[in-house]
Q: 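This is the structure I have questions about; it appears just below.
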Amino acid sequence: QVQLVESGGGSVQAGGSLRLSCAASGYTYSLACMGWFRQAPGKEREGVALVHSAGSTTYADSVKGRFTISQDSAKNTLYLQMNSLKPEDTAMYYCAAEYSPSSCSSGLWRFGRGFRYWGQGTQVTVSS
């Protein structure tokens, strides 16, 4: 199994930037994909960005052009660079990982589903 620990959250003004990190440990070699998700108070969890093991990436329309997902395989770390932050980006951000290629390709990630391994989350607050 894989264990995930997020860091890098905080409070920032609109227009600012933050970089989230997700340190993975345990059995990371067969992971098919990793992703970032978020959940705002009173809202459903949603997918933010996804990276497959081969390196291809996908983004939610709401963050496309502003957020960048990347991974450092040597450090077993996943990143989310968030630029031009908006108040509506305020949420708890979670890192997740999945071994099943079919789950990674199903499209369920956009709805915050299809992943079995989750971190504890890191809070991002954007003020106007």
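Values in this document were obtained by computation on a predicted structure and should not be read as measured data.
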Q: Any chance you could lay out the side-chain contact (heavy atoms from CB on, under 4.5 Å) test for M34 and C95, step after step, and finish with the verdict?
A: CA-CA 7 Å; M34 296 184 71; C95 167; 3.9 Å; yes
Q: Should side-chain heavy atoms under 4.5 Å link Ile, Leu, Val, Met, Phe, Trp and Tyr, which residues sit in the same cluster as F115?
A: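 F37, L50, M92, Y94, W109, W118, all in the cluster of F115.
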Q: Does a side-chain heavy-atom distance below 4.5 Å link R38 with L80?
A: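 No, side chains not in contact.
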Q: For D61, enumerate each residue passing the salt bridge (charged side-chain N to carboxylate O under 4.0 Å, His left out) test, keeping only those at least two apart in sequence or located in another chain.
A: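 For D61, the residues satisfying salt bridge (charged side-chain N to carboxylate O under 4.0 Å, His left out) (neighbours in sequence not counted) are K64.
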Q: We want to know whether N83 and S17 form a side-chain donor-acceptor pair, criterion being a heavy-atom distance below 3.5 angstrom.
A: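 Indeed, the side chains of N83 and S17 share at least one donor-acceptor pair under 3.5 Å.
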Q: Roughly how far, to the nearest 0.5 Å, is the OG1 atom of T28 from the CD atom of Q3?
A: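 Here the interatomic distance stands at 10.0 Å.
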Q: Hey, does L85 have a side-chain heavy atom less than 4.5 Å from the side chain of L18?
A: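 Touching, per the 4.5 Å side-chain cut-off.
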Q: So L20 and T122, do their side chains get closer than 4.5 Å, heavy atoms only?
A: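 Yes, close enough: below the 4.5 Å cut-off.
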Q: Say whether Y93 and V126 are linked into one hydrophobic cluster, either directly or through other cluster members, by side-chain heavy-atom distances under 4.5 angstrom.
A: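 Yes; tracing contacts between hydrophobic side chains, which count when under 4.5 Å, links both residues.
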Q: Only counting residues at least two apart or in another chain, list the ones meeting salt bridge (charged side-chain N to carboxylate O under 4.0 Å, His left out) with R19.
A: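 Not a single residue meets the salt bridge (charged side-chain N to carboxylate O under 4.0 Å, His left out) criterion with R19.
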Q: Considering all heavy atoms of both residues, which atom of S128 and which atom of A14 are nearest to each other, and what is their separation?
A: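 In this case the closest contact between S128 and A14 is CA-CB, 4.3 Å.
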Q: Residues two or more places apart in sequence or in another chain: which of them pass salt bridge (charged side-chain N to carboxylate O under 4.0 Å, His left out) with E98?
A: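 Scan of E98 (salt bridge (charged side-chain N to carboxylate O under 4.0 Å, His left out), adjacent residues dropped) gives R116.
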Q: Please report the C-alpha distance between W36 and I69 in whole Å, then the side-chain angles of each, then the deciding distance to 0.1 Å, and finally whether the side-chain contact (heavy atoms from CB on, under 4.5 Å) criterion is met.
A: CA-CA 8 Å; W36 286 99; I69 188 171; 3.7 Å; yes
Q: Determine whether L31 and L78 fall in the same hydrophobic cluster, where Ile, Leu, Val, Met, Phe, Trp and Tyr are linked whenever their side-chain heavy atoms lie under 4.5 Å apart.
A: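 Looking at the clustering, L78 is in the same group as L31.
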Q: Apart from L108 itself, what residues make up its hydrophobic cluster when side-chain heavy atoms of I, L, V, M, F, W and Y under 4.5 Å apart count as a link, directly or indirectly?
A: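 The other cluster members (ILVMFWY side chains, heavy atoms under 4.5 Å, direct or chained): none.
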Q: For Q120 versus L4, what's the shortest heavy-atom pair and its separation?
A: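 Shortest heavy-atom contact: OE1-O, 3.8 Å.
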Q: Test side-chain contact (heavy atoms from CB on, under 4.5 Å) on S105 and H52 and set out the steps.
A: CA-CA 9 Å; S105 302; H52 292 267; 4.1 Å; yes
Q: Taking K75's backbone N and O only, do any of them form a donor-acceptor pair with T77's side chain (distance below 3.5 Å, no angle check)?
A: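 Yes, because the side chain of T77 sits within donor-acceptor range (under 3.5 Å) of the backbone of K75.
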Q: Please find the pair of heavy atoms, one from A24 and one from V2, that lie closest to each other, and give the distance.
A: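 Of all heavy-atom pairs spanning A24 and V2, the closest is CB-CG2, 4.0 Å.
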Q: Provide the closest heavy-atom pair for S53 versus Q71 in the form atom of the first, atom of the second, distance.
A: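 So the two residues come closest at O-NE2, 4.3 Å.
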Q: Please lay out, stage by stage, how V48 and Y59 fare under the test side-chain contact (heavy atoms from CB on, under 4.5 Å).
A: CA-CA 6 Å; V48 175; Y59 296 90; 5.9 Å; no
Q: Looking at R66, I'd like to know if its CZ atom is crowded, meaning that more than 12 non-hydrogen atoms belonging to other residues, nucleotides or ligands lie closer than 6.0 Å.
A: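 Counting neighbours around CZ of R66, more than 12 heavy atoms of other residues, nucleotides or ligands fall under 6.0 Å, so yes.
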Q: Where do A32 and S100 come nearest, in terms of heavy atoms and distance?
A: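 Here A32 and S100 meet closest at CB-C, 3.9 Å.
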Q: Flag yes if Y27 and V51 sit in one hydrophobic cluster, no otherwise; membership is Ile, Leu, Val, Met, Phe, Trp, Tyr, and two members link when side-chain heavy atoms are under 4.5 Å apart.
A: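 Y27 and V51: one cluster.
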Q: Go through the structure and list residues passing ring-ring contact (aromatic ring centres under 6.0 Å, His included) with Y99, not counting sequence neighbours.
A: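 In terms of ring-ring contact (aromatic ring centres under 6.0 Å, His included), with neighbours along the sequence ignored, Y99 is linked to Y117.
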Q: Out of curiosity, R110 CZ to R45 CZ, how far, rounded to the nearest 0.5 Å?
A: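 It comes to 16.0 Å.
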